[in-house]
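See below for the structure under consideration.
By convention in this document, chain letters (A, B, ...) are assigned in the order of the sequence lines, proteins followed by strands, and residues within each chain are numbered from 1. Please read all numbers here as calculations on a predicted model, not as lab measurements.
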Amino acid sequence: MLRKLALGGIRSRFRDYAVLFSGLVIASAVFYMFMALATNTKFLTSNSPIGMTPFIFGFGEVLLVIITMVYIVYANTFLMSMRQRDYAMFMMLGAKSRKIAQLIFIETVSVGFLASVVGVVIGMGLTGIAGNMLISMLHAPAAHFAVVWPPALIATFGFFLLMFVLAAFVNAGRLLKTPMLELLHASTLPNRLQQKPWKLIVQGLLAIVLLAIGYWSMTQLAKLQMAAIGIALITIVLGTYFLFNALLVWLIGLLKKNHAYASKGLHTFTLSQLSFRIRDYTKILAVVAILFALALGAITVGLGFQNAIPELANTQSAYDATTIDANAATQQAAAKLTGVTSTTRYTQKVTAKAVVFDQAQITARPLKFVAYDGKTSKHLSLTTNADLTKNMNEIASQLEQFRTPADAQRQIKIVPHAEYVALAGTTRNIVTYQVKDFGANYDAFDAMFKAQNKQLHVTNTQLSGQKMATYGLINEMFSGLAFMGFFLGIAFLAMLASTLMFKILSGASFDASRYLMLQKIGVRPGLLRRSVRQEIGALFAFPGILGVIHVLFGLQLFTTMLHDPYHNIWIPFAIFIVLYGVYYALTVWLYEGIVIKKDLAK
Amino acid sequence: MQNQPVVAVNGITKTYGKKNQKQFQALKGVTFNVQPGEFVGIMGASGSGKTTLLNILSTLDRPTSGSVKINGKDVTALKGDKLSDFRAKQVGFIFQDFNLLENLTARENIALPMALQNISHNKQVEAVNHIAKTLGIDAVLDHYPTELSGGQKQRVAAARALVQNPAILFGDEPTGALDSQSAKELLDTMTSLNQEQGVSILLVTHDPFSASYAQRILFIKDGQIGQELVHGDKSQAAFYQEILSTLGTFQQ
Ligand SMILES: Nc1ncnc2c1ncn2[C@@H]1O[C@H](COP(=O)(O)OP(=O)(O)OP(=O)(O)O)[C@@H](O)[C@H]1O
Ligand SMILES: [Mg+2]
């Protein structure tokens, strides 16, 4: 009988259960995604030139555990808010409390178990899709990357099961202890804003101090090493929470006290909606802010590493590729290049002792090189033999692209036109290529590079002087980091979206009755929609702003690895904010569909 | 020519249930008028269609057929903002289930209709305090609905309906959960509102005593108006007796 009643409860609130379930599924999917990297030490060490990467992921695990815990606790509160009325009713009808406790336990654990099974499957799917997409996009070798990774499976299952067993005990205990009446009315119990002002001030100050310490420690990575990340993790998470708690309680109190504002239209209602369950609310805001910062930060850093590859490669050679007597295979590959900005052709003669250029050709089309001193790069345009000798230090390795391994003993020279014409020796055709976007032509360049290396019998490709050689090397070093950045960015973004959606939709059923009442007493639908937009807007905007600030400071962590982590950051920021905005609009639309009836009389 | 009626109901029917499902006709052709300043009671057994009728009159529901005019305006045709504004300004209602917003205090609940019309804060406070005093809820104004008794909740709901001085007040058993003393107070408030400010009132009730405040009583049975009683010059006590005896015969 009881079982039937319990199932009946689920059926009657199908949408709420769907929201709860899909929220937990995403949480465990993301948890798995993260763990698939974090627990794969081989992958981490072989894809990152940075020795502490596994430790950094260790901190990431701690952070994700905290976030997921808040998420699960929130989900669990939601589950209980749906069920406790029913349970109280069963108890009123005479069900034994031991029986009820058993029922709660089974229900909570099975929800958690089911969600984590489905979540892990989806997590593997996401890991596979995102991973392979990124691998091909970034030409990242991503060695040892594994979609099905048993330690991640165990970690995810273990964590979720543990959390839900704990939650089940807490639920059962709480339900048996809470007075029946309170259970029946729990969803309607208000949360009075009764924080004392000095408490708010202390919290606010504490938040600022904590955030300042966190931000400062991120600039001190070189000195503090791993401690910097640990300190930042603790202080920023706590600081974020205290800041929201103090700021929101204070702000809502202030606005409510401002009668001119509060007594207009639906302002009081909107403020009350925000403060009704303020404690849950600030926790979720803090989680959203952290997730926002993680997602945006990961994507920004990923993009930074991705952009660093061509930037660094550009300091190694002026030409994107050079061919020497290109054979059919090389020419075929070269024909596939897109966005070619310039090609120049030279002839050279190979004599017994030298590889010789014609001064007339070089005067018309100077040879281009880059001089790089480790910080800045300078473009050189050389026209004479004397120029070559003078700059030999900087350009020696770049000159190799005009020779073959067979020319190892031959010196590169530029001689006057008449002398060149008179020289005996085999003539070779040289073509240099420059394109707009090297990365976009990666496959073509790689094919040219391989074909030519085969043709010219280049065994040590690093000495070929080609940009592709250095590009490949840098790519190997950075694409792993870019991969991690984007991969985690996607994972955190999914979690961010799911947290926001969950918070909003989980309240929808309760809110629907309130909005219905407002409509009944004659609130214009337009005004209701504005209230919805404001309420959800606050949920999006506050964490968004703080998240952006977190990232701006957090990028300090990467100043030693990236030439300029702030370079072009407006691009990821703009993309992210547009995405966030679209998501906001979608959420508002969905929510309005649930809580605002088009026509009351239907 | 007579005054234009505040409420003119003409042959409304209401059928619940979709075409292909089990249908139930809750109203089977109801016609009546309420004149300006009139206090009309509606009585009838449980399930006879009173709430259905009131929901249609207050534009919360649409009739299957027939027309409802309030102040000469066909409300069944109203849509969108016009409909909302109509609800906010022209009618006040006290629902059978209290319909308070549980995230607002009693004070905020009562002030809401005024806030919607952007009435100044001071005027809101004044009006809320005044109505709260007349309804005897001034001590609990800062309580949330979960912290109120059933009767207090109903009085808060009444205060919210009355505070905007609507042209017509619909009440669905507003005294249902009140003790006789508070019921009497609420009814007295409504009567004085009716007599002094000319607010028309349409009151659905089971309670003969509450009904005896009305000038006219319509009895509904199985979705139709079966009988009408007029207060006239009779004393309230005599009218009360008449209601009692009518109920006795009517409900058989
Ligand atoms: N949404 C609905 N769908 C189907 N039938 C309904 C619906 N609402 C009411 N009814 C039916 O219509 C009839 C009239 O209901 P109504 O609520 O108007 O009764 P009432 O006179 O207000 O009764 P009470 O005095 O108990 O409040 C009842 O038989 C009820 O079962
Ligand atoms: Mg009714």
Spacing of [X] atom [atom1] and [Y] atom [atom2] [to the nearest 0.5 Å]:
{"X": "Q519(A)", "Y": "R87(B)", "atom1": "CD", "atom2": "CZ", "value": "7.0 Å"}
{"X": "K520(A)", "Y": "N55(B)", "atom1": "NZ", "atom2": "CG", "value": "6.5 Å"}
{"X": "K264(A)", "Y": "I119(B)", "atom1": "NZ", "atom2": "CD1", "value": "12.5 Å"}
{"X": "T268(A)", "Y": "N103(B)", "atom1": "OG1", "atom2": "CG", "value": "10.5 Å"}
{"X": "K82(B)", "Y": "R524(A)", "atom1": "NZ", "atom2": "CZ", "value": "9.5 Å"}

Closest approach of [X] and [Y], non-hydrogen atoms and distance?
{"X": "L104(B)", "Y": "S272(A)", "answer": "CD2-OG, 3.0 Å"}
{"X": "S263(A)", "Y": "H121(B)", "answer": "OG-CB, 3.5 Å"}
{"X": "E108(B)", "Y": "K256(A)", "answer": "OE2-NZ, 3.6 Å"}
{"X": "L100(B)", "Y": "M517(A)", "answer": "O-SD, 3.1 Å"}

Engaged part of F93(B) at the chain A interface, taking heavy atoms whose separation is under 4.5 Å
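F93(B) touches chain A through side-chain heavy atoms alone.
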Toward chain B, the part of L527(A) with a non-hydrogen atom under 4.5 Å
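Interface part for L527(A): side chain.
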With the side chain counted from C-beta on, respond yes when S84(B) and V523(A) share a heavy-atom pair under 4.5 Å apart, and no when they do not.
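S84(B) does not reach V523(A) side chain to side chain.
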In the structure I gave you, are the side-chain heavy atoms of L518(A) and L112(B) within less than 4.5 Å of one another anywhere?
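Counting from C-beta outward, L518(A) and L112(B) do come under 4.5 Å.
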Options S120(B), A161(B), A88(B), A115(B), ranked by heavy-atom pairs under 4.5 Å with chain A, top entry:
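Top option by heavy-atom pairs under 4.5 Å: A115(B).
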